[in-house]
Amino acid sequence: MKKFVKYFILTLLVSTFILAGCSKSDDDDDPTPTGPSTYEVLKDYLVSNNMDVDVVVSGWITTAADVNAKGTDEYHIIDIRGQADFDAGHIEGAVNASLGTILDAAQNATKPILVVCYTGQTAGHAVAALRLSGYSDAKVLMWGMSGWRKDLANPWKNNIGDDAVGSPNWIAPPGSITPSAEFSAPTIESSFTEGADILAERVDALLANGFNSIGNEDVLTNPGNYFINNYWAVTDVEHYGHIAGAYRINPFKLADDSDKYLDPSKTVVTYCWTGQTSSMLTAYLYVIGFEAKSLLFGANGMIYSNLESHKYMEPETDYPVVPTK
């Protein structure tokens, strides 16, 4: 009996020791470690590999006059207009592709890439994708083929206008830009953990999604439905006014954490003068996880008569095109 009691007490002590070693307080002292989010990995990769916004959206556009003077044979020209329009007349040496196939079309490039579209806006998405994929000298043809020849100018001529003039949702100068606020980062779903792989996946998603754009009528009618970013300088806002409720996040750099001032819970609508710069920025924002859209034709579609610069004008010179044989 004494021996049994002795073994019982010993077993009880051992059990108490084991249970104490597995207590909840000890588990709490050693939580499962967590790493950076997919968004943070991508952001750090872009900054450390010289692909921040200010690098990608810099020196990305060239004029028809400059291309003609330099010589079209100095570029690998990719025309992303529809096949019928390309066949009817395109810049000599150009190859036809689409926004979705732009990376395939770029694979054989041995010269700087020039992307051509109807107005210079869709090409902005293409060039952002190219620059984020290693083609750092890719450029947009300013105004697209509407800047190359008068007889191809209708896509721009038919869309300049004064839709915001007299609108209750256009704030008269000097304006009252909404003060910046801080928001949480967007969430990126990915099966990858390395920055390069995440970036490639996001660029593919951008190209598969197509041109992220929105008309000014939707935004001017219901500006509160969007996070609107006026991508102008302060002096321009004070001179022309702006869309009601607009913020002004410019300059924008990931290295400066400018991204924290964009609301990922809303569609981010960026507008500029012509819709060309905003297309570049919108593409970049989509890649880093924001629901983003570029305001088509920018201020040229909203306050064209009031603009003193940055206005679309019909080309004075018709540069040559060749039909598909």
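Put simply, the side chain of V127 reaches to within 4.5 Å of the side chain of M280, judged on heavy atoms. Contact check for F183 versus L262: no side-chain heavy atoms found under the 4.5 Å cut-off. V321 is listed as a side-chain neighbour of W148, based on a closest heavy-atom distance under 4.5 Å. Counting only heavy atoms from C-beta outward, the side chains of V219 and Y226 approach each other to under 4.5 Å.
Side-chain contact, S278 with T270: no donor N or O sits under 3.5 Å from an acceptor N or O. A donor-acceptor contact closer than 3.5 angstrom links the side chains of S265 and D263. Side-chain contact check for D162 and S305: at least one donor-acceptor pair (N or O, by modelled atom type) lies under 3.5 Å. Between D163 and Y304, the side chains place no donor N or O within less than 3.5 Å of an acceptor N or O (distance only, hydrogens not considered).
No salt bridge links K111 with E74; every basic N to acidic carboxylate O contact stays at or beyond 4.0 Å. Checked for salt-bridge contact, K43 and D257 meet the test: a charged N lies under 4.0 Å from a carboxylate O. Salt bridge K260/E182: present, at least one basic N to carboxylate O contact under 4.0 Å.
Taken from CD in Q121 to OG1 in T277, the straight-line distance is 10.5 Å, to the nearest 0.5 Å.
Contact record, N216 with G301: ND2-O, 3.3 Å, taken as the closest heavy-atom pair. Residues S279 and F211 come closest through the heavy atom pair OG-CE1, 3.6 Å. D54 and S58 make their closest contact through O-CB, 3.1 Å (heavy atoms, listed as atom of the first residue, atom of the second, distance). Across all non-hydrogen atoms, the minimal contact from P186 to I288 is CG-O, 3.6 Å.
Atom CD of E217 is surrounded by 12 or fewer heavy atoms from other residues, nucleotides or ligands within 6.0 Å. More than 12 heavy atoms of other residues, nucleotides or ligands shown are found within 6.0 angstrom of CD on E238. In D73, the CG atom is crowded: over 12 heavy atoms of neighbouring residues, nucleotides or ligands sit closer than 6.0 Å.
Two rings, from W273 and Y231, have their centers 6.0 Å or more apart.
Residue N230 is tested with Y240, Y247, Y271 for a side-chain hydrogen bond (donor to acceptor under 3.5 Å, both in side chains); the sole match is Y271.
A cation-pi arrangement is present between R202 and Y286, with the terminal nitrogen or guanidinium carbon under 6.0 Å from the aromatic centre and inside a 45° cone about the axis.
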